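Everything quoted here is computed from the prediction, not taken from an experiment.
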Amino acid sequence: MKKIFFILMMSVFSLSLNAEKISIFVASSASKAMSEIKDEFLKTHPDDEIELVFGASGKHYQLLTQGREFDLFFSADAKYAAQIAKDNNAISKPKIYALGVVALYSLDENLLNGGIEKLSEKADIISHLSIANPKVAPYGVAATQTLEKLGLDKIFKDKIVLGDNISQPVVHVDTGVAQVGIVAYSLVSPVNKPKGKVVLINEKYFTPLEQSFVITKYAKNKKLATQFADFVSSKQGKDIIKKYGFNTP
């Protein structure tokens, strides 16, 4: 009996020794999709641990360059993943995991009539329009490009409310800070059961959001990082990403 107990204990100990932990940065736009992917992945890796850190791609790219050890970096565009590789801080080539979709979001469905092309007609009754900060958030860049192409940047110049990341414009609208927000559709698609209504923004108004990732140098000896990356790119991973309103490559 003691021998059996000893063997069982050694087996548990061996499993714990083989367990790994990785830290992953994920752009806010993909936070909900990646959380579900993580949960599904860990069903077959119960002894491993994955930390997900959400936020703005630009801000967390700077943290990475300052020594913050992310094992994988999932950006909201192609730029930051490519830059990490260019900095020699990646051990994999950048790979697209999702194609971002942008939406106009509001609790007042009337403000969405005609889409963003007709937003200028409602300028008098819109006191605040929320977007992510374009200095750190790719979706903020997409919002700015859209406003400029439609001539809305001048109309709403003094009404823009900036969020630190793309999650904040959703919160701004939900809490009444802003009447309208330009947001990631992945955060307000039907699966999220949003408080407000949405209308999609034509992708012709902004540079495509080719959301890309890399495995960083910090994951050099971590098999778990490669396994997670493979799962994200698998059919099961892509199905979850599409479920939240992204397109996939």
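Residues meeting the side-chain contact (heavy atoms from CB on, under 4.5 Å) test with Lys95, sequence neighbours left out: Phe213, Ser233. Among residues two or more places apart in sequence or in another chain, the salt bridge (Lys or Arg N to Asp or Glu O under 4.0 Å) test is passed with Glu109 by none. Scored by the side-chain hydrogen bond (donor to acceptor under 3.5 Å, both in side chains) test, Glu148 finds no partners at all (sequence neighbours excluded). Among residues two or more places apart in sequence or in another chain, the ring-ring contact (aromatic ring centres under 6.0 Å, His included) test is passed with Tyr185 by none. Checked against side-chain hydrogen bond (donor to acceptor under 3.5 Å, both in side chains), Gln83 has the following partners two or more places apart in sequence or in another chain: Asp87. Applying the ring-ring contact (aromatic ring centres under 6.0 Å, His included) test to Tyr97 and every residue at least two apart in sequence or in another chain returns Phe74. By the ring-ring contact (aromatic ring centres under 6.0 Å, His included) test, Phe41 pairs with His45, Phe228, Phe231, sequence neighbours left out. Under the side-chain hydrogen bond (donor to acceptor under 3.5 Å, both in side chains) criterion, Asp48 pairs with no residue, sequence neighbours left out. Applying the side-chain hydrogen bond (donor to acceptor under 3.5 Å, both in side chains) rule to Lys222 yields the partners Asp71; only residues at least two apart in sequence or on another chain are considered. Taking the ring-ring contact (aromatic ring centres under 6.0 Å, His included) definition, one finds that Phe73 meets it with Phe25, sequence neighbours left out.
For Lys243 and Asp239, the salt-bridge test fails: no basic side-chain N is under 4.0 Å from an acidic carboxylate O.
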message = side-chain contact (heavy atoms from CB on, under 4.5 Å) for Leu209 and Phe206? Distances and angles first, verdict last.
response = CA-CA 8 Å; Leu209 289 160; Phe206 54 88; 4.2 Å; yes

Full working for side-chain contact (heavy atoms from CB on, under 4.5 Å) between Asp77 and Tyr139 = CA-CA 8 Å; Asp77 64 0; Tyr139 276 83; over 6 Å; no

request  = Kindly indicate, with the supporting measurements, whether the criterion side chain to side chain donor-acceptor pair (under 3.5 Å) is fulfilled by Tyr105 and Asp174.
outcome  = CA-CA 9 Å; Tyr105 179 64; Asp174 285 346; 2.6 Å; yes

ask   = Run the side chain to side chain donor-acceptor pair (under 3.5 Å) check on Ser130 and Gln168 step by step: do they pass?
value = CA-CA 8 Å; Ser130 182; Gln168 288 199 348; over 6 Å; no

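The distance from the OG1 atom of Thr144 to the CD1 atom of Ile182 is 8.0 Å, given to the nearest 0.5 Å.
In this structure, the side chain of Ser23 does not engage the main chain of Phe70 through any donor-acceptor pair within 3.5 Å.
Screening residues 49-61 for salt bridge (Lys or Arg N to Asp or Glu O under 4.0 Å), with sequence neighbours left out, gives Lys21-Glu49, Glu51-Arg68. Within the structure, no pair that satisfies the side-chain hydrogen bond (donor to acceptor under 3.5 Å, both in side chains) test touches residues 152-164, not counting sequence neighbours.
Lys122 NZ: more than 12 foreign heavy atoms inside a 6.0 Å radius.
Residues Leu72 and Val26 fail the side-chain proximity criterion, which asks for heavy atoms closer than 4.5 Å. A 4.5 Å side-chain heavy-atom check between Val198 and Leu104 finds every atom pair outside the cut-off. Residues Thr146 and Lys149 fail the side-chain proximity criterion, which asks for heavy atoms closer than 4.5 Å.
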